[in-house]
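Everything below concerns the one structure shown next.
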Amino acid sequence: MTTEEDKNDTVKVKFWGARGSIPVPGSRTVKYGGNTSCVEVRLPTGQLIVLDAGTGIRALGNSLNYKEGHLDITLFLTHYHWDHIQGLPFFGPAYHPNNTIRIMGIDHPELHIREIISAQMEPIYFPVSLSRLKAEIKFDIIWGKYFEIGDIRVETIEAKHLGPTLSYKISFNGKSLVYMTDTELDRNGTDSKLLDKIVAFVQGADLLIHDAQYSDQEYPQKKGWGHSTWNDSAWLAVEAEVQKLALFHHDPERSDRQVDHFLEECNEELTAKSKSTTCWGAMEGLELLL
Ligand SMILES: [Zn+2]
């Protein structure tokens, strides 16, 4: 049943960058986009959560009315590889004193999160240093497995990537999404206890955004690179009974036609195995409602 109350309860998820590794503008990537990882999560209460700060975050910033009133933004970083932090120096709200941006991420054994973000803005790389941003920028390392911020509950699990990386589960009012990118699920090679733990983490999510950089056919040449296949994503979605699956972190070499092909195959497989899961190819501008 759809009522006004139901509508007011909707969580909106919008993709601003779905590409992995490096931005790839050009005619082959017009449909799914060339910007790297960035996802906006907007709660009905107005709370704004951003997942990763790849180059897609620039356009997200431009879409926000950040010069009037106060924006309070929570940014969760999965890890600190370029394709997940490189857009931050171009995030408009960071330049306005009205705004507060809380940046949260995993502990790194060598540098504090503030130093990592600051380093990419040192004069040799970028003309504006972190200390010259006018917004209030707060940094927090995530220590616990779950915590609450504003209206959401956040759970984390370590991803299987090259270097410390987190996956996130965000829950609000009985709805949940899992953001699980830059992880090598390797369903046929991973220890079954770990697979069980991952399935339990994802179980019942309304939306799973999952690393789908390769196909099973490509994977043997890419084993150990820290990424999954679309087949892994589909397997996990079925096992964990998620409602919607978004294939994410497209390989920079992947053309729109190839992503379309992955999507077709993924939907065929899901239809064969599950009545309830639908598959989407994450693309810039795509908005999913939970
Ligand atoms: Zn990445």
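Order of appearance sets the numbers: ligands from 1, and atoms from 1 within every ligand.
Within the structure, salt bridge (Lys or Arg N to Asp or Glu O under 4.0 Å) contacts touching residues 97-125 (residues at least two apart or in different chains) are R102-D140. For residues 188-205, no residue pair satisfies the salt bridge (Lys or Arg N to Asp or Glu O under 4.0 Å) rule, not counting sequence neighbours. Sorted by first and then second residue, the salt bridge (Lys or Arg N to Asp or Glu O under 4.0 Å) pairs with a member in residues 65-76 form an empty list; sequence neighbours excluded.
Judged by distance alone, the side chains of D232 and H210 never bring a donor and an acceptor atom under 3.5 Å apart.
Listing protein N, O or S atoms at distances below 2.8 Å from the Zn ion (ligand 1), with waters left out, gives D83 OD2, H84 NE2, D182 OD2, H249 NE2.
Nearest heavy-atom pair, P252 versus R19, reported as atom, atom and distance to 0.1 Å: CA-CD, 3.9 Å.
A perpendicular orientation is assigned to the rings of F248 and Y179, their planes being inclined by more than 60° (bins at 30° and 60°).
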